[in-house]
Amino acid sequence: YTFDDVQIVPQYSDIYSRSNCDISNSRLTKSYTIDIPLVSAPMDTVTGVDMALELLDLGGAGFVHRFMSSIEQADCIVPLVDSVRYKGYDKNSTPICGTIGVTGDYIKRARVLLSIGANVLLLDVAHGHHELVKEALFNLTNLKEEFDFEVIAGNVCTWEGTQDLIEWGADGIRVGVGNGSMCSTRIQTGVGLPSISSIKECVEVGNDYNVPIMADGGIRSPGDVCKALGAGASTVMIGSLLSGTKESPGQITKVGSWPNEVLQKKYRGSASIESKKDRGENKNVEGVSRYVLYKGKTKRIIEDICDGLRSSMSYVGAKDLEEFRKKCKFVTVTNAGMVEARPHGL
């Protein structure tokens with residue numbers, strides 16, 4: 001099942017106000033938690049330094065993308081470290097997140113990021129259940145003798161993939177294959193699993209090992225965030241919802257003539273032909289790119305999602321996210337039910 005295939009069943013609630021629902025204390029890795037269960041995707045049109053700083057201030061986490069030199073990426077991490085120091089955050093418990101790959105000079109990149117203060121690294125690859133990821137986790141485990149940090153690995157969508165990554169040394173698992181809005185993996189390859197099913201399967205393994213699961217891809221609305229968390233995810237990674245915001249990388253462009261101008265920004269998948277060409281690549285294209293309407297400040301988007309989550313928790317009578325995951329029940333819906341779920345009075 002994927003997000004549109006299910007709805008959350010309302011239950012008896014003794015919560016007088018949705019503002020009483022606590023959405024804090026979400027596990028990002030084994031040791032690190034964040035105040036809201038939301039993180040931004042490591043895409044070059046979603047998370048640069050501005051987005052990462054904004055997510056830090058709002059209580060989430062931003063994963064600075066890796067499609068730049070290690071020095072440029074380090075320049076994005078330094079302001080996060082400074083912000084933690086100047087604003088009085090606990091530097092030992094506040095995640096400062098960087099992103100690396102599993103080929104080339106990724107260990108050198110990891111060293112650079114860790115040496116200037118990053119404490120959570122994301123292995124950003126499309127297929128996480130892979131020999132290269134196994135080797136990378138082994139090498140990063142050795143690096144833990146020198147630096148204090150934790151690793152999130154993925155992407156996977158199966159029981160076996162989750163179990164292997166954890167046993168190879170991952171401190172958090174990123175779940176979702178072929179379900180991103182700019183991803184064409186399922187069209188190009190036929191590979192992937194529906195989101196709700198894959199989250200629930202991977203969460204079972206994560207719970208056995210006490211390792212948190214991050215749901216990634218396919219999130220189009222606050223309701224999808226609620227369903228991902230209700231299925232057991234500890235955090236949810238969002239990309240398209242944050243594209244086109246003030247804090248996302250890229251220039252705002254104007255289309256049309258005054259006074260009917262439209263503002264927009266570029267949004268592209270990391271495996272799109274446009275993104276690959278910028279990196280000197282042209283093979284294995286599994287993504288697309290487009291312009292999206294300018295959305296304004298990220299804060300408004302995040303607050304809308306958090307409001308929807310608190311409301312969802314109140315519908316099932318859950319005071320916090322742990323209780324929400326335990327109480328959340330799903331019912332499958334028909335195609336007619338999917339249509340009914342959308343506003344149809346317009």
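Everything numeric in this text was worked out from a predicted model, so none of it was measured. Excluded from the calculations below are hydrogen atoms, water molecules and symmetry mates; all remaining heavy atoms, backbone and side chain alike, are included.
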Of all pairs that satisfy side-chain hydrogen bond (donor to acceptor under 3.5 Å, both in side chains), the ones with a partner from residues 135-144, not counting sequence neighbours = Tyr106-Asn139, Lys144-Asp171
Are the side chains of Val151 and Phe149 in touch, meaning some heavy atoms are under 4.5 Å apart?
-> yes
By side-chain hydrogen bond (donor to acceptor under 3.5 Å, both in side chains), Ser19 pairs with (sequence neighbours left out) Ser17
Phe67 vs Pro42 side-chain heavy atoms within contact, under 4.5 Å | no
Per-pair distances, 0.1 Å, donor-acceptor, side chain in residues 301-319, under 3.5 Å, sequence neighbours excluded:
from: Ser311; atom 1: OG; to: Arg18; atom 2: NH1; distance (Å): 3.2
from: Ser314; atom 1: OG; to: Ser311; atom 2: O; distance (Å): 2.6
from: Lys319; atom 1: NZ; to: Asp14; atom 2: OD1; distance (Å): 3.4

Beyond-backbone contact of Leu321 with Ser26, side-chain heavy atoms, under 4.5 angstrom = yes
Among all residues two or more places apart in sequence or in another chain, which pass the salt bridge (charged side-chain N to carboxylate O under 4.0 Å, His left out) test with Lys297?
-> none
Arg27 versus Asn210: any side-chain heavy-atom pair under 4.5 Å?
-> yes
Side-chain contact test, heavy atoms from C-beta onward, threshold under 4.5 Å: evaluate it for Met43 versus Pro249 and give yes or no.
-> no
More than 12 heavy atoms from other groups under 6.0 Å of CD on Gln11 | yes
Taking only distance into account, with no hydrogens and no angle test, what donor-acceptor pairs under 3.5 Å do side-chain atoms of residues 157-164 form with protein atoms, sequence neighbours excluded?
from: Thr158; atom 1: OG1; to: Gly161; atom 2: N; distance (Å): 3.0
from: Thr162; atom 1: OG1; to: Thr158; atom 2: O; distance (Å): 2.9
from: Gln163; atom 1: NE2; to: Tyr209; atom 2: OH; distance (Å): 3.3
from: Asp164; atom 1: OD2; to: His129; atom 2: NE2; distance (Å): 2.7

Considering all heavy atoms of both residues, which atom of Ser70 and which atom of Val112 are nearest to each other, and what is their separation?
-> O-CG1, 3.9 Å
How long is the gap from CD on Gln264 to OH on Tyr294, to the nearest 0.5 Å?
-> 13.5 Å
Between Thr245 and Leu242, what is the shortest heavy-atom contact and its length?
-> OG1-O, 2.7 Å
Do Ile8 and Phe330 come within less than 4.5 Å of each other through their side chains, counting heavy atoms only?
-> yes
For Thr235, which residues count as a side-chain hydrogen bond (donor to acceptor under 3.5 Å, both in side chains) partner, sequence neighbours excluded?
-> none
Around Glu131, counting heavy atoms of other residues, nucleotides and ligands shown, do more than 12 lie under 6.0 Å from its CD?
-> yes
Apply side-chain hydrogen bond (donor to acceptor under 3.5 Å, both in side chains) to Glu204 and list each qualifying residue two or more places apart in sequence or on a separate chain.
-> none
Each residue besides Val255 in its hydrophobic cluster should be listed here, by chain and number; the cluster joins Ile, Leu, Val, Met, Phe, Trp and Tyr at side-chain heavy-atom distances under 4.5 Å.
-> none
Are the side chains of Ile152 and Thr29 in touch, meaning some heavy atoms are under 4.5 Å apart?
-> yes
Tabulate below the donor-acceptor pairs under 3.5 Å that side-chain atoms of residues 53-63 make, not counting sequence neighbours, or state none.
from: Asp57; atom 1: OD1; to: Lys87; atom 2: NZ; distance (Å): 3.0
from: Asp57; atom 1: OD1; to: Tyr89; atom 2: OH; distance (Å): 3.1
from: Asp57; atom 1: OD2; to: Lys87; atom 2: NZ; distance (Å): 3.0

Would you please name every residue forming a salt bridge (charged side-chain N to carboxylate O under 4.0 Å, His left out) with Lys265, sequence neighbours left out?
-> none
Could you point out which residue of Asp124, Leu123, Val156 forms a side chain to side chain contact (heavy atoms under 4.5 Å, CB included) with Arg174?
-> Asp124
Keeping to residues at least two apart or across chains, list the salt bridge (Lys or Arg N to Asp or Glu O under 4.0 Å) pairs with something in residues 223-239.
-> Arg220-Asp224
How about Lys299: does its NZ atom have over 12 heavy atoms from other parts shown lying under 6.0 Å from it?
-> no
Applying side-chain hydrogen bond (donor to acceptor under 3.5 Å, both in side chains) to Arg325 and not counting sequence neighbours gives none
Taking the side chain as C-beta and beyond, is there a heavy-atom pair between Ser197 and Tyr1 under 4.5 Å?
-> yes
